[in-house]
There are 2 protein chains.
Amino acid sequence: MSANQPIIHVVDDDPSFCTAVTRLLHAAKYEVRGYRSAAAFLDSDACADPGCILLDLRMPGVNGLDLQQSLAQTEGRLPIIFLSGHGDVPTSVRAMKAGALDFLTKPVERATLLRAVQNALEVDAAETKSRAILRELRRSYETLTAREREVLAHVVSGKLNKQIAFALGTSERTIKAHRARITEKLAIRSVAELVRIAQSLGIEPIR
Amino acid sequence: MSANQPIIHVVDDDPSFCTAVTRLLHAAKYEVRGYRSAAAFLDSDACADPGCILLDLRMPGVNGLDLQQSLAQTEGRLPIIFLSGHGDVPTSVRAMKAGALDFLTKPVERATLLRAVQNALEVDAAETKSRAILRELRRSYETLTAREREVLAHVVSGKLNKQIAFALGTSERTIKAHRARITEKLAIRSVAELVRIAQSLGIEPIR
DNA sequence: TGAGGAATTGTACTTTGGTGCAATACGGCG
DNA sequence: CGCCGTATTGCACCAAAGTACAATTCCTCA
């Protein structure tokens with residue numbers, strides 16, 4: 001259920017182009033799925049598997065940039081390569097600023113496309129992996145109580161137990177109890193590890 | 001010597017355009033410096049002060065992309081905004097991938113240019129600041145002896161002193177001596193701080 | 001209302017980390 | 001050769017962190 005074959009999602013309203021690209025990618029042993037419109041793509045749950053998106057810029061209804069915008073806020077988003085027949089400079093710049101991996105012009109060279117796709121799949125693999133790690137960290141962080149999170153924030157700031165106790169108005173012994181629970185819940189083996197975890201969760205040190 | 005006024009470096013071989021842009025930026029209270037060619041810019045030591053670069057794409061001799069390439073590897077580089085009269089999509093994409101902040105087309109709207117410049121100056125300020133911090137960290141890290149760096153790598157991996165001692169074939173007391181010197185040289189006040197410093201220096205935890 | 005989670009705290013003991021004081025050993029440099 | 005920096009180590013002691021065993025209080029949910 002995890003190491004699926006990557007899928008290349010081709011979103012383009014031009015049937016002939018779609019067919020050509022699909023054939024080209026098939027020849028390179030990629031699994032391809034085509035969509036006639038941005039809406040069609042949004043209706044599918046494409047982002048479950050690894051892959052990338054080849055996105056036409058100009059389409060009836062929702063255009064490529066709009067689709068990119070929508071996808072930008074989704075959880076397991078896929079890397080986007082734009083494919084445009086009549087894209088202008090401002091549009092390509094906007095797309096790149098919004099995080100597109102590439103912005104190719106039709107007709108696209110076979111080698112260029114394959115290189116871009118290959119790169120996108122590598123980026124996706126890396127992003128998927130780090131997202132999975134982060135999700136797992138967040139999951140265990142959420143098992144902490146509010147108080148434990150307060151203590152954690154102080155710990156990763158390098159505070160001594162007695163300082164934390166004073167800051168929270170409790171006793172040193174209590175802080176030790178909280179730390180023990182934090183260590184257990186997060187399966188930590190050292191403060192160093194805790195600091196790194198807090199870092200990736202975006203927990204800023206106090207003072 | 002530090003909080004100088006930002007300087008906008010305009011690199012363009014077209015005198016009339018150069019003048020126009022300079023006038024526009026002057027009116028917005030920016031200090032401007034013009035260059036007739038990429039070579040002229042490289043000869044100056046522009047990157048000493050805060051600022052940004054407005055770079056023409058097509059110029060005789062070294063073109064804009066080449067200059068961007070050269071600057072990419074320099075120490076105190078400035079953010080680049082491309083200004084192009086006849087840029088095409090592939091070129092703009094290439095520039096953006098190489099880290100350009102923006103890629104504007106001539107003739108450029110006054111407001112658009114000012115917005116881009118404003119943004120570039122903010123980016124430059126942020127980058128300069130973090131570069132300064134990093135440089136300072138590296139400087140103090142370099143005062144550590146080879147042995148102390150070994151110990152540091154183990155410490156930020158969360159190892160106990162006795163484990164480090166075993167790994168390095170010495171005694172626990174020796175590790176304590178090294179740690180004391182590390183703490184002093186880096187002016188550290190907690191292990192948490194040390195972990196964060198090591199992180200920004202790219203020191204990976206051992207095992 | 002009773003079970004259970006959460007926060008709190010105490011006492012006591014062990015393990016780690018940090019420090020002061022001191023000494024030994026090795027290699028480069030003037 | 002003698003000085004200096006680096007690495008090493010011992011002993012003793014204190015401070016900080018972690019743990020075992022327990023107990024109390026408060027609040028929520030079934």
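Every chain is numbered from 1 and lettered A, B, ... according to where its sequence line falls, protein lines coming before strand lines.
Note that CZ of A/Arg207 is 4.5 Å distant from NZ of A/Lys159, once rounded to the nearest 0.5 Å.
For the pair A/Ile175 CD1 and C/dT8 P, the interatomic distance rounds to 7 Å; values are reported in whole Å. Between the C1' atom of C/dG18 and the CD1 atom of B/Ile188 lies a distance of 15 Å, rounded to the nearest Å. Atom CD1 in A/Ile164 sits roughly 16 Å away from atom C1' in C/dA7 (whole-Å rounding).
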Give every pair of a protein N or O atom and an N or O atom of nucleotides 3-6 of chain D that lie under 3.5 Å apart, one pair per line with the distance.
none

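The main-chain N or O of B/Leu144 is found under 3.5 Å from a side-chain atom of B/Arg149 such that the two form a donor-acceptor pair. At least one donor-acceptor pair closer than 3.5 Å links the side chain of B/Glu193 to the backbone N or O of B/Arg189. Without hydrogens or angle criteria, A/Thr170 side chain to A/Phe166 main chain gives no donor-acceptor distance under 3.5 Å. A/Gln5 places no side-chain N or O within 3.5 Å of a backbone atom of A/Tyr30 that could act as its donor or acceptor partner. Judged purely by atom type and a 3.5 angstrom limit, A/Ser140 uses its side chain to pair as donor or acceptor with the backbone of A/Glu136.
B/Tyr35 and B/His9 have tilted rings, their planes meeting at an angle from 30° to 60° on a 0 to 90° scale.
Between C/dT8 and A/His178, a contact under 4.0 Å exists linking OP1 or OP2 to a side-chain N or O. Phosphate proximity of D/dT9 to B/Ser171: present, with a side-chain N or O under 4.0 Å from OP1 or OP2.
Residue-environment remark: CZ (A/Arg36) exceeds the threshold of 12 foreign heavy atoms within 6.0 Å.
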Subject >> Sugar-phosphate or base contact per nucleotide [nucleotides 16-30 of chain D; S, B, -; heavy atom under 4.0 Å] >> reply: SBBBBB---------

